[in-house]
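Computed from a predicted structure; not experimentally measured. Proteins come first, then strands; the chains are lettered A, B, ... in the order of their sequence lines, and each starts at number 1.
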There are 2 protein chains.
Amino acid sequence: MAESADKGTKKARDRTGWQAQKSAMTRDTILDAALDCFITIGYASTTTAKIADKAKVSRGAMLHHFPSKTELIQAAVEYLHGKLLYLYAKCIDEAIDDEEAHSLPVDERNRRGLQGYWNYLSSDLFTAYHELCVAGRTDPELQYILEDSIARFDENVAQSSKRLFPEWAKRGELYELAMDISQFLMQGMAVSQIVSQKDARVSRMIDYLSDRLEEIFHAGDQDAAIHRHSSRK
Amino acid sequence: MAESADKGTKKARDRTGWQAQKSAMTRDTILDAALDCFITIGYASTTTAKIADKAKVSRGAMLHHFPSKTELIQAAVEYLHGKLLYLYAKCIDEAIDDEEAHSLPVDERNRRGLQGYWNYLSSDLFTAYHELCVAGRTDPELQYILEDSIARFDENVAQSSKRLFPEWAKRGELYELAMDISQFLMQGMAVSQIVSQKDARVSRMIDYLSDRLEEIFHAGDQDAAIHRHSSRK
DNA sequence: AAAAAAACAAGCAAGGCTGATTGTAATTTG
DNA sequence: CAAATTACAATCAGCCTTGCTTGTTTTTTT
């Protein structure tokens with residue numbers, strides 16, 4: 001009871017203290033170094049020593065901030081999660097400028113959204129994220145750490161899309177189909193790109209997908225797209 | 001000069017010898033164990049010792065067959081390459097029975113081909129292969145080993161498709177578009193499936209893709225699909 | 001100003017992985 | 001049958017990675 005009051009004052013010190021800021025700064029330096037390692041040498045060969053080297057802090061210092069490798073990875077994933085959300089928003093916003101968004105025809109807004117999404121998927125951060133997901137398949141601990149992040153990210157992307165294309169969100173099942181096809185196809189392209197460069201085909205594919213999305217929603221009015229295929233066996 | 005004749009006789013012995021067969025058998029046992037490790041514990045944490053354990057041979061025996069880890073991995077990739085080719089052919093053949101292939105309508109053959117391709121992409125072997133490709137990004141040695149395998153496999157799949165759908169192959173650019181969209185989309189689905197289970201959406205997506213492929217080739221006659229989108233900026 | 005706590009540095013011990021060495025049994029060749 | 005070769009087994013040394021422990025400097029509290 002009396003202790004809680006004491007802790008209250010201590011907590012206040014923590015926030016106002018100057019070394020707390022310094023601490024937070026080196027913390028971010030370490031996390032940035034961790035992401036840099038994921039990108040440059042891959043998750044598998046990222047060791048705590050290499051992260052410390054890249055961050056230019058001693059291993060002891062790092063161990064002070066992150067007592068175990070697991071906690072460091074967990075924090076790095078959380079950090080990456082935040083950066084990905086920001087990058088996604090930035091890519092979409094740069095592709096679709098809000099000012100002129102409403103003056104653009106739907107299909108053009110569509111196309112720009114896809115291009116923004118593609119820019120996001122082509123980033124180093126997404127590459128690292130994908131690699132983490134793959135590694136998580138056989139690493140239960142990492143998988144547990146990622147699960148939460150994946151779910152939250154998907155949710156956020158869905159929200160973002162609804163905000164950008166309000167007229168789509170009302171389409172229900174049709175909207176889900178459009179989202180699925182866009183995500184699956186674009187991610188397939190991104191992964192193929194990671195494995196072996198195929199730039200030439202990517203641009204054509206974005207054009208094609210853009211046309212199909214437009215078609216889905218136009219044809220949806222005439223009840224021709226989704227019911228046609230869902231009526232098959 | 002005289003030595004070459006001697007070596008000729010020795011080479012003959014190698015093939016006829018009984019222990020040569022035994023040797024080849026344990027070789028395959030080791031390679032199977034390697035692939036099993038890739039699948040169950042992942043490439044990153046696959047060690048030579050674990051492979052030897054799973055193959056139930058001593059580390060010394062394995063070192064006899066594969067002097068270094070690199071050579072073992074190289075052989076395992078080659079082995080996997082062969083198994084993938086076989087599995088691909090098997091999945092397609094099971095989906096499209098050659099007997100009735102010509103009696104089926106084009107779109108039904110289409111759909112079955114996609115389902116077969118999906119079965120292939122859902123296999124453990126493909127999962128392991130994809131993981132190897134991802135690991136190769138930051139492992140130059142592995143990347144070099146894979147490059148050759150990837151190119152040969154793509155070539156083989158292209159050949160196989162042309163054989164199964166001879167009427168498509170004549171379409172030129174349209175055929176490439178259809179191949180790209182099928183591969184990108186299906187692989188995107190497979191990768192998403194690896195990361196987090198999304199069965200429900202997969203079946204719907206195959207239906208949709210099947211319809212689009214049919215459309216591409218029907219519309220191609222009327223010059224409406226590819227020129228429409230490639231004429232955009 | 002003294003005490004307490006935090007930030008940071010450096011070295012140590014245990015375990016895992018790779019490659020090399022040495023040894024043994026079976027088989028083929030001459 | 002003897003020699004050489006092959007298949008296989010087991011152990012050892014060196015390196016890397018992780019986490020723990022001890023020590024030093026700086027800052028905050030009282």
Rounded to whole Å, please give me the gap between [atom1] in [X] and [atom2] in [N].
X: K69(A); N: dA14(C); atom1: NZ; atom2: P; result: 21 Å
X: I30(A); N: dA9(C); atom1: CD1; atom2: P; result: 10 Å
X: K56(A); N: dA7(C); atom1: NZ; atom2: P; result: 22 Å
X: R27(A); N: dA6(C); atom1: CZ; atom2: P; result: 16 Å
X: E71(B); N: dT18(C); atom1: CD; atom2: C1'; result: 14 Å
X: K50(B); N: dT18(C); atom1: NZ; atom2: C1'; result: 14 Å
X: R59(A); N: dT22(D); atom1: CZ; atom2: P; result: 17 Å
X: L72(A); N: dG19(D); atom1: CG; atom2: P; result: 10 Å

Side chain of [X] only, heavy atoms from C-beta on: which candidate in [options] is closest?
X: S68(B); options: dT17(D), dT18(C), dG19(C); result: dG19(C)
X: V57(B); options: dA7(C), dG19(C), dA9(D); result: dA9(D)
X: H64(A); options: dA7(C), dC8(D), dG19(D); result: dA7(C)
X: L63(A); options: dC20(D), dA20(C), dT18(C); result: dC20(D)

Checking side-chain polar atoms at under 3.5 Å, does [X] have a donor or acceptor matched by the opposite partner on [Y]?
X: S192(B); Y: Q183(A); result: no
X: E155(B); Y: Q159(B); result: yes
X: N156(B); Y: Y88(B); result: no

Quick check on [N]: is either OP1 or OP2 less than 4.0 Å from any side-chain nitrogen or oxygen of [X]?
X: T48(A); N: dT18(D); result: yes
X: H65(B); N: dT6(D); result: no
X: T26(B); N: dC8(D); result: yes
X: S58(B); N: dC8(D); result: no

Could you say whether T47(A) or P67(A) is positioned toward the 5' end of DNA chain D, judged by the nucleotide with the nearest heavy atom to each?
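Final value for this comparison: T47(A).
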Under 4.0 Å between a Lys/Arg side-chain N and an Asp/Glu carboxylate O for E147(B) and R152(B)?
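Salt bridge absent between E147(B) and R152(B).
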Tell me which of G60(A) and T46(B) sits closer to the 5' end of DNA chain C, going by the nucleotide each one is nearest to.
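Looking at the nearest nucleotide for each, G60(A) comes out on the 5' side.
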To the nearest 0.5 Å, how far apart are CZ in R212(A) and CD1 in I181(B)?
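It comes to 7.5 Å.
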